[in-house]
Amino acid sequence: MDRLWGMVTHDIGIDLGTANTLVLVVGKGIVIREPSVVALHKKSKQIIAIGTEAKKMVGKMPANLTYVRPLRDGVISDFDITMAMLKFFIKKVHVREGLLPKLARPRVVIGIPSGVTPVEKRAVQDATLEAGAREVYLVEEAMAAAVGAGLPINEATGSMIVDIGGGTTEIATISLGGMVANKSLRIAGDEMDQDIINYARSRYNLLIGERTAEEVKLAAGWAFPGTVRQSKLRGRDLATGLPREISVSSDEIGEAISTTLNQIIDAIKDTIEETPPEIVADFIQSGIVITGGGSLLPGLSERIASELKMPVITAKDPLTTVVRGTGLILEDRELLKKVKSRGGLSV
């Protein structure tokens with residue numbers, strides 16, 4: 001049956017992130033990498049744009065339009081908008097083939113935070129099924145990231161993964177195909193952006209938007225002392241109401257995001273404390289692997305290594321480890337069986 005379905009539809013893996021959604025087609029690789037943003041009409045709720053086109057409109061919309069990020073802290077906050085976004089991406093995958101588009105009835109593996117409730121899990125399953133999937137398998141993002149990063153998850157050796165996304169930070173120690181200890185924090189890149197917004201307001205009386213905060217985080221953010229860099233903050237002066245531009249240093253941005261970074265590092269320490277010493281001994285040698293968009297913050301691996309006194313390695317192409325993991329799970333029948341036994345749903 002799977003072979004017959006494979007002739008008329010795709011198997012796809014989805015990293016349904018708070019900030020970005022990535023879609024992988026088995027045998028083709030990552031085909032969609034777009035922001036998890038939907039633009040719509042305020043009154044009618046008619047959808048105007050999804051993904052990249054919607055992100056371009058953020059902060060520049062007329063009064064009758066607004067935008068929605070249908071996922072908050074890694075879980076669905078708006079079911080109907082999430083379903084519409086998934087349907088758009090699934091359809092986009094299946095009409096890419098030109099004259100003979102495939103039927104949009106895929107088998108889907110989708111990454112979710114390990115800390116979600118049964119109700120939140122069901123919402124992800126239902127939204128994906130309503131979007132057209134014929135089978136849905138849920139996998140913890142930390143496990144998918146570990147698979148995508150190439151960690152030896154099925155061996156009798158300990159591995160540790162820290163996936164810092166937009167809405168959640170997933171931390172797990174893994175051995176023999178299962179998570180030994182894990183934590184899911186609803187604190188990640190979005191909180192760092194909000195830290196910068198709050199800092200600009202309190203320090204400079206300057207109101208900036210989310211896009212500006214994210215841009216300056218990437219341009220001048222740091223997690224460990226290094227070369228001082230400068231970046232521009234552009235926004236509205238709260239005293240005069242007029243546009244204003246200021247220059248900020250990496251020291252200031254580091255100060256702004258320090259509380260969020262400390263919370264993430266404390267959670268890593270707590271996870272290590274909950275892990276048996278034999279497993280800890282393994283990744284003292286092999287190192288902790290960090291991934292996700294937050295791992296790209298300059299100096300983060302050095303900061304964690306300094307705090308924990310063990311090697312820290314940034315995964316190759318950290319933005320795609322989760323979606324690559326879902327694709328590898330789809331291709332591995334034994335791994336897929338394990339996922340199915342943990343709550344996958346099919347129709």
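The chain is numbered in sequence order, starting from 1. For the numbers below, each heavy atom of this structure counts, side chains included, while hydrogens, waters and symmetry mates do not.
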Just by modelled atom types, is the Leu308 backbone N or O under 3.5 Å from a matching donor or acceptor in the Lys269 side chain?
no
Would Ser184 and Glu170 count as having a side-chain donor-acceptor pair, cut-off 3.5 Å?
yes
Consider only side-chain heavy atoms of I, L, V, M, F, W and Y, link residues closer than 4.5 Å, and tell whether Ile265 and Met160 are in one cluster.
yes
Are the side chain of Glu274 and the backbone N or O of Thr271 linked by a donor-acceptor pair below 3.5 Å?
no
Check step by step if side chain to side chain contact (heavy atoms under 4.5 Å, CB included) holds for Thr169 and Gln263.
CA-CA 10 Å; Thr169 297; Gln263 287 178 293; over 6 Å; no
Can you confirm whether Ser36 sits close enough to Arg69 that some side-chain heavy atom of one is under 4.5 Å from a side-chain heavy atom of the other?
no
Does Gln285 have more than 12 heavy atoms from other residues, nucleotides or ligands lying within 6.0 Å of its CD?
no
Salt-bridge present (Arg211, Glu214; N to O < 4.0 Å)
no
If you count heavy atoms of other groups shown closer than 6.0 angstrom to NZ of Lys316, is the number above 12?
no
Just by modelled atom types, is the Leu328 backbone N or O under 3.5 Å from a matching donor or acceptor in the Asp332 side chain?
no
Is Thr320 reaching over with its side chain to a backbone N or O of Asp317, donor-acceptor style, under 3.5 angstrom?
yes
Between Arg186 and Glu120, does any side-chain N to carboxylate O distance fall below 4.0 Å?
yes
May I ask you to say whether Glu307 pairs ionically with Arg303, meaning some side-chain N is under 4.0 Å from a carboxylate O?
yes
Take Ile264 and Glu191, measure what side chain to side chain contact (heavy atoms under 4.5 Å, CB included) needs, and give me the verdict at the end.
CA-CA 11 Å; Ile264 292 171; Glu191 276 65 32; over 6 Å; no
Would you confirm whether Arg244, through its side chain, and Tyr204, through its main-chain N or O, come within 3.5 Å as a donor-acceptor pair?
yes
Residues Asp190 and Gln194: side-chain donor-acceptor under 3.5 angstrom:
no
